Amino acid sequence: MAEPARGQPAAAEQPPFPRTGRRVLVSGASRGLGRAVAQVFADNGDQVAVHYGSRREEAGATLAALSGGGHVLLQADLSDPAQAAELVAAAEAALGGVDVLVNNAAVNTPHPPADTGFADWVDGWQRHVEVNLLGTAHLSHQAARRMVARGSGGRIVNIGSRGAFRGEPDHPAYAATKAAVHALGQSLAVALAPHRIAVSSVAPGFIDTDRVAHRLVGAEGEAIRAQSPYGRVAEPEEIAAAVLWLASPEAEWSSGTVLDLNGASYLRT
Ligand SMILES: NC(=O)c1ccc[n+]([C@@H]2O[C@H](COP(=O)([O-])OP(=O)(O)OC[C@H]3O[C@@H](n4cnc5c(N)ncnc54)[C@H](OP(=O)(O)O)[C@@H]3O)[C@@H](O)[C@H]2O)c1
């Protein structure tokens with residue numbers, strides 16, 4: 001007896017997610033990894049909404065350095081849910097839609113438990129949760145709802161962290177919120193797959209960005225580089241390349257993944 005047809009007509013008949021010419025919102029692109037992510041998408045022929053929180057001048061420099069045209073600069077304080085929603089609306093208005101959202105913006109300030117008073121501890125946790133977790137959740141919600149309404153699929157890539165798995169003794173709220181970001185991405189991956197929206201996260205180890213440059217000198221720098229058998233930390237472009245791939249048509253099948261990008265410095269089992 002003949003095998004029943006095993007086609008997947010609904011998905012197969014839809015056009016593939018585009019490889020280039022996408023509308024991309026990158027949060028926290030004033031410098032560091034966000035700037036490298038904005039550049040790699042622009043170099044790919046995508047249009048980028050460069051978001052920043054407070055560093056307008058640096059964000060302007062990111063925008064000015066992008067190849068291609070049609071990119072825009074947008075400001076929002078992502079600790080405020082209303083501003084997060086307005087950011088996605090503004091990106092849609094400026095670019096004509098958002099096909100790819102990269103949740104890169106985050107805070108990471110020290111609050112070692114043994115040395116931090118309770119008021120500072122509470123402030124630190126609130127700030128990390130508001131920006132790293134809730135900012136990511138609200139941008140994702142607003143972008144996903146628009147992608148669903150358009151019916152053209154989409155990609156959401158979260159910047160998580162190795163710290164979610166390895167622990168961050170001086171930054172526990174940072175590690176906890178990055179673990180939550182990974183979990184959020186996995187829930188959204190399942191929820192949004194029927195709408196052809198793939199959601200994934202990357203979990204980088206140390207990256208040589210402005211924010212951590214002061215830690216990469218002297219004995220501490222040596223120790224940090226020694227975490228990897230390569231004896232170095234990542235360049236932002238190495239992380240950005242993975243983010244670009246996770247936004248590709250082929251990455252649909254990687255939806256839900258948390259991709260380790262740490263130079264074999266921490267191997268999860
Ligand atoms: N560097 C590393 O070693 C490393 C390792 C693993 C993961 N990561 C992750 O990679 C991402 C980028 O890190 P980075 O080192 O490039 O950090 P960064 O230079 O401090 O960049 C953080 C970005 O987030 C934005 N931001 C922070 N708070 C915000 C708020 N309340 N509202 C709006 N925007 C806000 C900043 O905007 P303004 O500057 O304009 O205020 C900035 O553009 C983060 O998610 C970080 O957790 C970094």
Side-chain angles (χ1 to χ4, degrees), residues 25-39 49-63 73-88 90-91 101-110 123-124 126-136 138-139 157-168 170-171 173-182 184-185 201-216 220-221 224-225 227-228 232-240 242-243 258-263 265-266:
L25 170 58
V26 182
S27 74
S30 54
R31 61 176 191 167
L33 178 59
R35 174 178 286 177
V37 169
Q39 285 174 338
V50 173
H51 159 261
Y52 69 99
S54 58
R55 292 185 174 84
R56 193 186 196 293
E57 204 171 313
E58 288 93 329
T62 300
L63 183 75
L73 194 61
L74 299 173
Q75 190 278 335
D77 179 353
L78 298 181
S79 67
D80 176 355
Q83 291 192 41
E86 284 161 16
L87 172 63
V88 179
L101 167 66
V102 181
N103 284 307
N104 169 78
V107 293
N108 184 2
T109 51
D123 282 352
Q126 280 178 341
R127 188 80 186 147
H128 282 80
V129 170
E130 281 171 4
V131 178
N132 300 5
L133 175 56
L134 299 181
T136 298
H138 301 334
L139 289 184
V157 184
N158 298 325
I159 309 301
S161 174
R162 177 189 66 173
F165 307 114
R166 186 172 177 263
E168 294 277 357
D170 292 339
H171 308 77
Y174 176 78
T177 52
K178 289 297 184 175
V181 163
H182 297 164
L184 168 67
S201 301
V202 295
F206 247 95
I207 314 165
D208 189 0
T209 64
D210 298 332
R211 178 169 61 78
V212 297
H214 67 283
R215 297 186 60 191
L216 293 173
E220 187 183 10
I224 289 169
R225 281 186 285 278
Q227 291 172 358
S228 164
R232 66 176 182 86
V233 299
E235 293 300 324
E237 291 73 21
E238 292 176 287
I239 312 304
V243 173
V258 180
L259 184 61
D260 291 309
L261 300 171
N262 65 38
S265 64
Y266 186 77

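Because only heavy atoms are used, hydrogens play no part in the values below, and waters and symmetry mates are left out as well, while side chains stay in. Throughout, numbering of the chain's residues begins at 1 and tracks the sequence. Because the structure is a prediction, the values reported are computed rather than measured. In listed order, ligands and their atoms are each counted from 1.
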### Query
Applying a 4.0 Å heavy-atom criterion (strictly less than), which segment of I207 is in contact with ligand 1: side chain, backbone, both, or neither?
both
### Task
For N108 and ligand 1, answer yes if some heavy atom of the residue is under 4.0 Å from a ligand atom, otherwise no.
no
### Query
Is it the side chain (CB and beyond), the backbone, both or neither of R35 that lies under 4.0 Å from ligand 1, heavy atoms counted?
neither
### Query
Which atoms of ligand 1 sit under 4.0 Å from any heavy atom of L33?
10 (O), 12 (C), 16 (O)
### Query
What are the atoms of ligand 1, with element, lying closer than 4.0 Å to any heavy atom of G160?
7 (C)
#### Entry: Among T177, I159, N158, side chain to side chain contact (heavy atoms under 4.5 Å, CB included) partner for T136
N158
### Query
Among L87, L63, V88, V26, which one satisfies side chain to side chain contact (heavy atoms under 4.5 Å, CB included) with L74?
L87
### Query
Going by the atom numbers of ligand 1, which of them fall below 4.0 Å from some non-hydrogen atom of S54?
38 (P), 40 (O), 41 (O)
### Task
Considering the heavy atoms of A76, write down every atom of ligand 1 situated less than 4.0 Å from one of them.
32 (N), 33 (C)
### Task
Report the part of K178 in contact with ligand 1, treating N, CA, C, O as backbone and CB onward as side chain, heavy atoms under 4.0 Å; options are side chain, backbone, both, neither.
side chain
### Query
Would you say R127 contacts ligand 1, with heavy atoms under 4.0 Å as the rule?
yes
### Task
Report the part of H51 (side chain from C-beta onward, or backbone N, CA, C, O) that has a heavy atom under 4.0 Å from ligand 1; answer both or neither where that applies.
side chain
### Sub-4.0 Å atoms of ligand 1 with respect to non-hydrogen atoms of I159
9 (C), 10 (O), 11 (C), 45 (O)
### Message
Just to be sure I read this right, does ligand 1 sit under 4.0 Å from the backbone of N104, its side chain, both, or neither, counting only heavy atoms?
### Response
both
